[in-house]
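Residue numbers begin at 1 in each chain, while the letters A, B, ... track the order of the sequences. What's counted below: heavy atoms across the whole structure, side chains too, no hydrogens, waters or symmetry copies.
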Amino acid sequence: MKNGTVIIGNGIAGITTARHLRKNDSQRIRVISSETPYFFSRTALMYVYMGHMKFEHTQPYENWFWEKNKIELIQDYVERIDPKSNQISLKSGEVIDYDNLVIATGSRTKYFDWPGQDLKGVQGLFSYQDLEALEKQTPKPFEKGHPTKRAVIVGAGLIGVELAEMLLTRDIHVTILVRGGHFWGNVITASEGEWIGKHIASHGVDLRYDTELEEIFGDEEGRVRGVKLSNGEELPCEIVGVTTGVTPNVEFLTGSGIEFNRGIWVDEFLQTNFSNIYAVGDCAEMRSPINGRKAIEPVWYVGRMMGEALGLTLAGKKTAYRPGPWYNSAKFFDIEYQTYGLVEAKESKNQKHFFWKQDGANQFITVAYHPESQIFQGINAFGVRLRHEYFDRMIRAEKSVADVVGGMPAANFDAEFQRRWVKEFIASFHAQTGIKPKKSNILKSLLTR
Amino acid sequence: MKNRMIEKIGASLILLATFAYIGLTFLVDNSFQKTDASELDKIKGPDFTRMLTSLDDAPPAIMFSQVGEKINQYNHDMVSQKGISSEEQKAILAELDGKAATYSEDVIENSLKKKDWAKEKLTEYTSWMIGRDWESFEAFEGEFKAKVSDVNAAVVNEFGVGDGGRENFRMEVMKAGTPDWLRSGMAAWLIFGLATLGSFIYLVPLAQSSPGIKNDHIYHRKSQTGKGSALLVFAALVAFYIVLYKFPAFLVNQSVLLDPLSEWMSGGASSQWFLYGFLYTLTMFIMGLRMFLKYRGNKYQQVRTASVFFFQVVFAFTLPQILTRLQLPAYDLKSAWPLEYTFFFDYRIDEYLQEGTLGLFLLFWGIILFAIGVPVFTYFYGKRWYCSWVCGCGGLAETVGDPYRHLSDKRLGAWKIERYLIHSVLVFAVVMTVWVAYTAFTGTSELLGISSYSIRSTYGFLIGFVFAGAVGTGFYPVMGSRVWCRFGCPLAAYLGFVQRFKSRFRITTNGGQCISCGNCSTYCEMGIDVRWYAQRGQNIVRSSCVGCGVCSSVCPRGVLKLENGPEEGRINENPIIIGSEGAKLNLSE
Ligand SMILES: Cc1cc2nc3c(=O)[nH]c(=O)nc-3n(C[C@H](O)[C@H](O)[C@H](O)COP(=O)(O)OP(=O)(O)OC[C@H]3O[C@@H](n4cnc5c(N)ncnc54)[C@H](O)[C@@H]3O)c2cc1C
Ligand code: SF4
């Protein structure tokens with residue numbers, strides 16, 4: 001094992017793999033990545049632009065950390081992988097031998113072949129370079145008289161909202177094109193989408209529902225000048241933000257023999273069709289996902305959890321990637337969002353919803369459960385904080401919605417002195433669904449785990 | 001744009017008030033010629049009054065050194081009148097005629113006929129020199145001359161103005177020269193009213209914004225990143241502390257502004273310390289209001305801001321004035337030893353013991369506060385109950401210091417320095433206290449050959465003035481708001497021990513929800529790398545954590561919660577991040 005493990009990509013998936021491998025084994029570890037010299041938190045790009053942080057604050061480890069832990073960092077781009085000779089070729093011309101290879105190349109912004117999408121000012125928000133491009137296109141903080149005054153964002157999802165929030169801090173007018181009739185319609189419920197939409201609009205964002213992008217126009221110098229919408233309307237703008245989703249970074253594997261679909265095919269041990277090549281994070285596609293999870297899950301947590309499992313496997317402690325119940329979180333301007341389990345966007349014969357909203361406050365919750373068995377399926381929480389471990393336990397134990405709702409006081413994770421909402425929530429659940437919540441208190445056992 | 005206009009108007013008014021306030025030192029004349037002579041006579045008698053009235057009117061910036069010269073001159077006069085002149089010294093030495101053994105009380109008596117006081121002192125100081133064997137006359141002569149200077153210094157202390165009381169004396173003198181209109185109350189209303197009004201205007205846009213985290217552009221502003229105007233504020237704050245502690249007479253005009261308020265509260269005239277307390281409370285009020293608006297939608301922040309302000313107004317500012325009025329020892333009852341490092345000083349112990357029941361109450365209150373209050377409350381609520389709910393230093397840091405909170409150093413190296421420094425200060429404070437308490441209870445000033453007076457004056461200078469004052473507050477704009485609390489405060493070190501090893505308090509990490517964004521670490525005023533713990537699913541139990549709750553407020557994913565709960569499972573060294581079954585082994589770094 002003299003060549004040890006080579007990891008392509010220094011995102012959360014690649015770096016977590018490296019750290020956990022290092023914790024458990026002393027083999028050589030090299031991480032090759034092209035974007036930035038050090039691991040940083042992509043999720044915090046918006047805060048750098050808005051001036052909440054400096055870029056260095058997005059780096060979870062100090063620069064000495066890597067050398068101290070003998071994790072070699074190489075900033076370069078991997079052009080080709082040759083599984084037969086166990087070698088990779090870098091853009092610089094260097095060829096590197098590996099014993100084990102981990103592909104953690106993440107994803108990139110997905111474009112839909114719109115006319116004009118190559119114009120200057122059309123961009124996604126994914127990489128450090130995207131952030132730099134945005135800085136170039138938009139006024140400096142407090143700058144007056146800059147030509148960039150309007151932006152159109154295509155795609156009403158999490159990154160779209162972040163981009164809108166960012167641009168507003170530079171006094172840029174923002175229009176978001178929403179494909180469906182309410183915000184983030186393929187994920188959250190209509191009532192939730194409606195309230196989120198209202199909140200976003202209250203910050204001065206112009207939301208256009210049931211609207212898609214047709215074409216982007218440019219000026220003589222190749223800069224964005226405006227867009228044409230699906231309803232025929234034309235909007236002038238200097239920035240087009242593309243936030244319709246991401247797609248795995250796999251093109252460079254073409255011809256290598258490594259099998260991929262949208263992402264790189266992996267089994268539960270995150271192994272590709274080559275026994276010494278693995279894939280983790282955004283770029284991996286599970287051949288047989290478990291627990292009702294999706295084959296590709298481009299989120300931070302999944303990259304981390306995959307990395308934890310693979311790090312152990314590479315250290316000789318073979319560990320399968322077995323994600324538990326789904327969870328996620330985000331923030332829409334001032335409204336925090338957390339979800340546990342699976343809440344579908346619409347009710348179905350397999351899922352029933354209970355929606356509750358606090359009067360006069362941006363706090364609302366959807367509880368999903370099976371209409372017949374009454375087994376709890378999931379929860380979406382907006383403007384309130386909930387305890388992850390509570391729902392993780394409840395879902396794993398297939399508890400009934402009566403149990404889960406009845407025990408909710410233990411799930412409240414709001415800061416001290418915040419307005420209490422749990423009692424009203426429980427009472428309203430009882431009144432509306434007719435299901436009697438069962439009281440229980442497992443808070444102590446949650447705190448002393 | 002409109003908001004920026006409003007902020008500019010507000011800021012201009014604040015600046016105007018600040019300039020007017022500083023201008024008092026440079027532009028408003030003090031005059032002894034206009035002052036009632038009988039008033040001046042009370043200071044040091046008619047001779048000194050004549051010296052003062054010979055001075056031309058001048059603002060404190062100039063009057064400061066002129067009064068200093070007069071004090072020197074007065075001291076000089078005192079020495080010539082009552083001390084030993086060089087002729088007299090020469091005469092004595094001549095009389096001995098090179099034979100040290102002939103030195104005697106008679107010699108002193110003969111040469112200093114009319115100077116009873118000096119005669120007595122010299123006899124006292126040199127009695128051991130009489131009838132001794134001297135190696136040489138030169139050895140005697142050297143020693144003798146030193147003693148003569150000591151006598152003259154004693155004369156200055158007794159009849160003139162000694163070094164120890166010089167600055168307070170200068171302040172007292174210069175107060176007598178301040179113009180009446182400054183003391184009428186009008187000027188105070190104008191200056192502080194203008195500053196307050198400007199602040200209110202400045203805060204209007206904040207008040208109108210929607211609730212939510214408002215950290216936009218912090219790292220885009222020089223004023224909040226230790227550059228440009230931040231350096232000016234830094235210099236001004238440090239200068240203010242130096243002047244306040246070392247040369248208060250420069251602030252004489254500012255101090256008398258508050259005479260009406262001080263008289264109303266305590267019955268006595270204002271002093272530099274009253275001025276300091278007032279400014280402290282006023283800026284805390286304004287910046288506390290800012291906190292209130294900034295954290296709308298976050299009750300924890302609002303309640304604790306209200307709490308620190310309450311303790312400042314009632315305990316730190318008002319109660320001591322009332323105690324003064326009642327002629328009782330006037331101390332800040334919420335300030336616990338060892339932060340309140342003078343608690344066991346001899347003069348304070350004397351005061352407690354002289355005041356009967358009330359004095360005893362004060363003594364016991366102070367002891368119970370640090371011996372029982374601190375550990376018990378910290379066990380139940382963590383050190384936050386003191387540091388970010390009660391403490392005056394903490395209160396200033398949480399309000400005035402809030403715009404700078406992110407400047408704390410998060411590097412591992414800084415944490416190391418922090419532990420060395422703060423624990424050294426704690427040891428220093430304890431040692432110093434043992435010495436002064438020994439002195440207070442036995443009346444002996446030396447223990448193991450070290451004088452308790454020199455220990456306590458070293459502590460007072462290095463820790464009380466330099467660290468807690470000039471560095472602790474002055475460095476806000478460059479090193480963040482809790483420099484003192486983090487690196488220096490001995491009480492924080494003590495509270496920290498309890499919090500780390502025996503407490504129900506922790507910051508709970510919410511399972512696997514952390515996205516490692518770094519907001520929590522960036523906005524931790526204590527320089528704790530909160531993310532380090534949060535991203536590993538580990539609770540945060542750190543002795544330095546003051547429980548301000550800002551990490552939890554700024555976390556965009558709802559990951560952090562300040563909680564008091566069972567001790568069991570509070571510290572999870574090898575956390576398992578929930579979310580997957582795969583990796584049960586998440587070893588520590
Ligand atoms: C703005 C934004 C906000 C987000 N917010 C959240 C959130 O709140 N919660 C959440 O769960 N998820 C969030 N995500 C998603 C999350 O950041 C990603 O799922 C995660 O970063 C993926 O990690 P990864 O390690 O798989 O890949 P990446 O982080 O994409 O890292 C892959 C790295 O490999 C490099 N690379 C690619 N190909 C090569 C090559 N051939 N040679 C060398 N290097 C290469 C890339 O340049 C990149 O640096 C957000 C994403 C963005 C963009
Ligand atoms: S602010 Fe929250 S999400 Fe961000 S690093 Fe800290 S704990 Fe994690």
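At a threshold of 4.5 Å between non-hydrogen side-chain atoms, the residues K383(B) and S388(B) do not count as touching. The shortest side-chain heavy-atom distance between F391(A) and Y327(A) does not fall under the 4.5 Å cut-off.
Both the backbone and the side chain of S552(B) have a heavy atom closer than 4.5 Å to some heavy atom of chain A. R411(B) touches chain A through backbone and side chain together, each having a heavy atom under 4.5 Å away. Only the backbone of L560(B) comes within contact range of chain A, judged by heavy atoms closer than 4.5 Å. Only the backbone of V559(B) comes within contact range of chain A, with heavy atoms under 4.5 Å apart. For chain B, the nearby part of E62(A) is the side chain; its heavy atoms alone come within less than 4.5 Å. There is no contact between E268(A) and chain B, counting heavy-atom distances below 4.5 Å. If you measure heavy-atom distances from F413(A) to chain B, the contacts under 4.5 Å come from both the backbone and the side chain. Interface residue S553(B): only backbone heavy atoms are found under 4.5 Å from chain A. In this structure, no portion of W326(A) lies under 4.5 Å from any heavy atom of chain B. Using a 4.5 Å cut-off between heavy atoms, L386(A) contacts chain B through its backbone alone, with no side-chain atom that close. Interface remark: F332(A) contributes no atoms to any contact with chain B (heavy atom separation under 4.5 Å). Both the backbone and the side chain of R557(B) come within contact range of chain A, judged by heavy atoms closer than 4.5 Å. Residue N63(A): no heavy atom, backbone or side chain, is found under 4.5 Å from chain B. Within the 4.5 angstrom heavy-atom criterion, no atom of V302(A) approaches chain B.
The residues E525(B) and R482(B) are annotated as salt-bridged, a charged nitrogen and a carboxylate oxygen being separated by less than 4.0 angstrom. Salt bridge absent: D171(A) and K144(A) never bring a charged side-chain N and a carboxylate O closer than 4.0 Å. Under 4.0 Å is where a charged nitrogen must lie from a carboxylate oxygen, and between E563(B) and R506(B) no such pair does. Look at R296(B) and D334(A) and you find no salt bridge, because none of the NZ, NE, NH1 or NH2 atoms lies under 4.0 Å from a carboxylate O. With respect to the salt-bridge test (charged N to carboxylate O, under 4.0 angstrom), the residues E398(B) and R405(B) qualify. Between R170(A) and E135(A) there is a salt bridge, since at least one side-chain N of the basic residue sits less than 4.0 Å from a carboxylate O of the acidic one.
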Next on the checklist: side-chain hydrogen bond (donor to acceptor under 3.5 Å, both in side chains) for T138(A) and Y49(A)? Distances and angles first, verdict last.
Outcome noted: CA-CA 11 Å; T138(A) 52; Y49(A) 184 82; 2.7 Å; yes
Item to check | Stepwise side chain to side chain contact (heavy atoms under 4.5 Å, CB included) check, D529(B) with W415(B) | outcome: CA-CA 10 Å; D529(B) 191 358; W415(B) 184 16; over 6 Å; no
Next on the checklist: For K317(A) and N24(A): C-alpha separation, side-chain torsions, deciding distance, then whether side-chain hydrogen bond (donor to acceptor under 3.5 Å, both in side chains) applies.
Outcome noted: CA-CA 9 Å; K317(A) 302 173 182 171; N24(A) 292 283; 2.8 Å; yes
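The distance from the CZ atom of F333(A) to the CG atom of N362(A) is 12.5 Å, given to the nearest 0.5 Å.
When each of A44(A), P60(A), S41(A) is scored by its heavy-atom pairs under 4.5 Å with chain B, the top score falls to P60(A). Considering only heavy-atom pairs separated by less than 4.5 Å from chain A, the leading option among G297(B), G565(B), S210(B), S516(B) is S516(B). Counting heavy-atom pairs closer than 4.5 Å to chain B, the top-ranked of the candidates A415(A), S329(A), G311(A) is S329(A). The residue among V48(A), T313(A), T58(A) with the most heavy atom pairs within less than 4.5 Å of chain B is T58(A). Highest contact tally toward chain B, considering only K331(A), R419(A), M306(A), is held by K331(A) [criterion: heavy-atom pairs under 4.5 Å]. Taking G212(B), P211(B), G549(B), S521(B) one by one and counting their heavy-atom pairs under 4.5 Å with chain A, the maximum is reached by P211(B). The residue among K54(A), M46(A), R22(A), R42(A) with the most heavy atom pairs within less than 4.5 Å of chain B is K54(A). Ranked by non-hydrogen atom pairs under 4.5 Å with chain A, the options N519(B), D216(B), I515(B) are led by I515(B).
Using the six-membered ring where Trp is involved, Y47(A) and H52(A) have ring planes that are tilted, between 30° and 60° apart.
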